Novice: 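Attaching a single structure in structure tokens format; questions to follow.
The structure displayed is predicted, hence computed values, not measured ones. Quick note: numbers below take in every heavy atom, side chains included, and nothing from hydrogens, waters or symmetry partners.
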Amino acid sequence: MRLGRRALTLGATVAAAAVLVSCTPDNTWVYADDSASWPGMYGDSRNNSYAEKDAASSLVPAWTRDLVGPNTVQPAISNRGVVSVTARTETGCTTFNLELTVGRKTYCRRDAAGADLQAPVVDQFDYTYLGIPGWVYSFNADNQVRWRYPTAGTPLWIKLAGDNTVLAVTHLGQMVLVDTHDGDAAGAAIGLFPQVSANANGAGLEDCATNGPGCPVSGPPAVDTQAERAFVVVGAKGGPSKVMAVDYGKNGGDRHDLRYAWERADLPDGAIGSPALSTDRSTLYVNLRGEKLAALDAKTGATKWTHDLGYQSTLPPSVSPDGTIIPAAPGLHRASFVALKDDGTSVREAFKRTDVAMVSPATQIRGGVGYAVVRSWAAVQSQLIEFRTDTGTTLRTFDLPDSVKSASGVSIGPDGELVTVGDDGTVFAFTSGRRTGDSVAKN
């Protein structure tokens with residue numbers, strides 16, 4: 001059977017289109033995301049201090065390093081085993097990159113005010129992101145500036161947001177979305193207040209550590225990278241703090257469109273600190289000023305339940321995929337060590353330990369395992385403990401010096417290594433004991 005000229009032309013066009021489609025390069029693999037071992041403070045973009053890692057079968061004290069200044073933020077750890085950490089120092093460096101295996105300093109630099117209030121965010125390519133008054137910076141693995149982007153205020157709170165973007169919120173309440181490759185705006189900035197001025201980008205930074213009035217946004221957002229929605233606690237001037245949800249999807253256009261989704265200004269006594277998002281992204285956990293923890297529907301903002309903690313927490317809880325919640329109680333030496341279980345419309349206590357007090361935020365990993373720095377009642381001894389998250393039973397302990405009164409958290413390395421930093425600025429690393437880079441080198 002002979003084909004007509006039109007049929008032949010159509011067939012050739014379809015074949016050519018198929019070739020073009022098959023040859024079109026897929027460049028999404030170079031999109032920055034938060035698949036690093038521990039991307040930043042409180043883990044990945046969900047801000048829930050959980051890592052999809054298995055517990056290391058063998059851990060020993062590997063090294064310590066004094067940053068020569070106090071630390072308040074847990075470090076980030078890249079897939080290649082680079083620890084990024086900050087400290088408030090009188091002179092010298094404030095931002096450090098250290099090798100996880102041996103603690104060797106690969107580089108350090110002195111950043112402007114506010115650097116010590118955050119941890120550098122690291123992506124899967126070892127690029128880091130950090131904010132200083134008026135600017136978001138991105139650095140490559142050799143400490144060279146890749147780009148910078150202007151902001152109103154100090155962009156202390158940075159999260160990787162998907163679609164090759166990084167989302168930053170300044171302490172004064174401006175939210176920006178930036179392309180991680182070239183540092184260009186991925187969408188128009190939005191103010192969480194009617195007016196956010198860039199006239200004094202560093203004003204009020206001293207209030208951020210205490211949730212004071214000069215720092216209306218005093219903690220990082222929780223970000224749903226699938227729904228493209230960010231959740232942030234905003235201190236309302238002259239009224240209770242509120243929780244805001246901001247969508248940043250493209251909304252049918254070529255650029256991302258930052259727009260308000262919902263807000264809750266009616267929470268009892270107001271919200272405080274930083275929220276956490278559940279693994280399935282359906283529930284947002286928020287600390288309230290009335291010493292309570294609230295669970296909100298992430299889609300609508302409706303309250304699911306509230307729970308009386310008995311102490312004031314400003315840091316986001318650790319949340320595992322099975323709904324185990326470990327509220328943060330760092331520095332509260334008289335607070336019990338408690339875990340909760342989210343049953344959907346209600347919450348119940350999973351365990352309560354009165355023999356130790358938690359003095360760092362907790363971290364959870366796969367297999368029902370958690371880590372925290374605790375202070376024992378009897379011996380007044382600080383320890384990093386590994387415990388079961390269903391019963392609280394201690395599995396392993398690692399002694400810390402008595403000089404460590406509290407810690408900024410426990411970060412997880414690519415092979416289950418542990419890093420914590422004491423309030424005095426001493427970094428403690430626990431690894432398999434191998435002193436080569438083979439255990440952390442990734443293709």
Novice: So which atom in Ser241 and which in Val233 form the shortest heavy-atom distance, rounded to 0.1 Å?
Specialist: CB-CG1, 4.4 Å
Novice: Please evaluate residues Trp262 and Val243 with respect to the criterion side chain to side chain contact (heavy atoms under 4.5 Å, CB included), reporting the C-alpha separation (whole Å), side-chain torsions for both, the decisive distance (0.1 Å), and the verdict.
Specialist: CA-CA 8 Å; Trp262 55 258; Val243 183; 4.1 Å; yes
Novice: Kindly indicate whether the side chain of Leu293, heavy atoms from C-beta on, has any atom under 4.5 Å from the side chain of Leu340.
Specialist: yes
Novice: Determine yes or no for a side-chain-to-main-chain donor-acceptor pair under 3.5 angstrom, with Ser313 supplying the side chain and Ala328 the backbone.
Specialist: yes
Novice: Look only at the side chain of Arg375 and the backbone of Val359, and say whether a donor-acceptor pair between them is shorter than 3.5 Å.
Specialist: no
Novice: Hey, what do you get for CZ (Arg80) to CD (Gln124), rounding to the nearest 0.5 Å?
Specialist: 9.0 Å
Novice: Please tell me whether Trp305 and Asp342 have a donor and an acceptor in their side chains that are separated by less than 3.5 angstrom.
Specialist: yes
Novice: Can you name the nearest heavy-atom pair linking Val176 to Ala189, along with the distance?
Specialist: CG1-CB, 3.7 Å
Novice: Please determine if Lys159 and Asp34 form a salt bridge, counting it only when a charged side-chain N lies under 4.0 Å from a carboxylate O.
Specialist: no
Novice: Does Lys299 come within less than 4.0 Å of Asp297, counting only side-chain N to carboxylate O?
Specialist: no
Novice: Can you check whether Ile272 reaches Gln312 side chain to side chain, under 4.5 Å on heavy atoms?
Specialist: yes
Novice: Would you say Arg259's side chain and Gly249's backbone share a donor-acceptor pair under 3.5 angstrom?
Specialist: yes
Novice: Any idea which heavy atoms bring Gly69 and Ala87 closest together, and the distance?
Specialist: O-CB, 3.7 Å
Novice: Could you check whether any side-chain heavy atom of Thr389 comes within less than 4.5 Å of a side-chain heavy atom of Ser318, counting everything from C-beta outward?
Specialist: no
Novice: Have Glu386 and Tyr371 got a donor and an acceptor in their side chains that come within less than 3.5 Å?
Specialist: yes
Novice: Are the side chain of Gln381 and the backbone of Leu400 linked by a donor-acceptor contact shorter than 3.5 Å?
Specialist: yes
Novice: Can a side-chain donor-acceptor contact be found between Tyr42 and Asn47 if the only test is distance below 3.5 angstrom?
Specialist: no
Novice: Check Leu315 against Pro361 and note the closest heavy-atom contact, atom names and distance.
Specialist: CD1-CG, 3.7 Å
Novice: Between Phe96 and Arg65, is any pair of side-chain heavy atoms under 4.5 Å apart?
Specialist: no
Novice: Which pair of non-hydrogen atoms, one from Gln174 and one from Thr151, has the smallest distance, and what is that distance?
Specialist: OE1-CA, 3.4 Å
Novice: Looking only at atom types and distance, does a side-chain atom of Thr225 sit under 3.5 Å from a main-chain N or O of Gly162, one as donor and one as acceptor?
Specialist: no
Novice: Hey, are the side chains of Tyr129 and Arg146 touching, using non-hydrogen atoms and a 4.5 Å cut-off?
Specialist: yes
Novice: Contact between Ser278 and Asn48 at the side-chain level, heavy atoms closer than 4.5 Å - yes or no?
Specialist: no
Novice: For Asp163, is there an ion pair with Lys250 - N to carboxylate O distance below 4.0 angstrom?
Specialist: yes
Novice: I'd like to know if the side chain of Ser37 and the backbone of Ile412 have a donor-acceptor N/O pair within less than 3.5 Å.
Specialist: yes
Novice: Check Arg229 with Asp224, please: is the shortest side-chain N to carboxylate O separation under 4.0 Å?
Specialist: no
Novice: For residues Phe428 and Phe398, establish whether the separation of their ring centroids is below 6.0 Å.
Specialist: no
Novice: Identify the two heavy atoms, one from Leu160 and one from Val122, that lie closest to each other, and give their separation to 0.1 Å.
Specialist: CD1-O, 3.8 Å
Novice: Could you walk me through whether Thr306 and Leu267 satisfy the side chain to side chain contact (heavy atoms under 4.5 Å, CB included) test, starting with their C-alpha distance in whole Å, then the side-chain angles of each, then the deciding distance to 0.1 Å, before giving a yes or no?
Specialist: CA-CA 10 Å; Thr306 61; Leu267 294 168; over 6 Å; no
Novice: Give, for atom CD of Gln118 and atom CD1 of Ile158, the distance between the pair rounded to the nearest 0.5 Å.
Specialist: 5.5 Å
Novice: Give the ring-plane orientation class for Tyr248 versus His256, where under 30° counts as parallel, over 60° as perpendicular and anything between as tilted.
Specialist: tilted
Novice: Given side chains that start at C-beta, do those of Trp63 and Arg104 come closer than 4.5 Å, heavy atoms only?
Specialist: no
Novice: Do Thr180 and Asn164 get their side chains close enough for a donor-acceptor pair, meaning under 3.5 Å?
Specialist: yes
Novice: Angle between ring planes, Phe337 versus Phe387, binned at 30° and 60°: parallel, tilted or perpendicular?
Specialist: perpendicular
Novice: For the pair Val178 and Trp147, evaluate side chain to side chain contact (heavy atoms under 4.5 Å, CB included) and give the outcome as yes or no after the intermediate values.
Specialist: CA-CA 10 Å; Val178 186; Trp147 51 257; 3.8 Å; yes
Novice: I need the Leu98 CG to Thr106 OG1 distance, nearest 0.5 Å.
Specialist: 7.0 Å
Novice: Think Arg109 forms a cation-pi with Phe139, using NZ or CZ under 6.0 Å from the six-ring centre and within 45 degrees of its axis?
Specialist: yes
Novice: For Asp116 and Thr86, does a side-chain donor sit closer than 3.5 Å to a side-chain acceptor?
Specialist: no
Novice: Kindly compute the distance separating OH (Tyr127) from OG (Ser78), expressed to the nearest 0.5 Å.
Specialist: 13.0 Å
Novice: Under the side chain to side chain contact (heavy atoms under 4.5 Å, CB included) criterion, do Phe351 and Thr393 qualify, and how do the steps go?
Specialist: CA-CA 9 Å; Phe351 71 78; Thr393 304; over 6 Å; no
Novice: Could you walk me through whether Asp269 and Arg289 satisfy the salt bridge (charged side-chain N to carboxylate O under 4.0 Å, His left out) test, starting with their C-alpha distance in whole Å, then the side-chain angles of each, then the deciding distance to 0.1 Å, before giving a yes or no?
Specialist: CA-CA 5 Å; Asp269 300 313; Arg289 289 185 180 272; over 6 Å; no
Novice: Just wondering, more than 12 heavy atoms not from Arg88 lying within 6.0 Å of its CZ?
Specialist: no
Novice: Is the closest side-chain heavy-atom distance between Tyr149 and Val166 below 4.5 Å?
Specialist: no
Novice: Within this structure, what is the NZ-CZ distance for the pair Lys53 and Arg366, rounded to the nearest 0.5 Å?
Specialist: 8.0 Å
Novice: Could you state the interatomic distance from CG (Asp424) to CG (Asp66), rounded to the nearest 0.5 Å?
Specialist: 6.5 Å
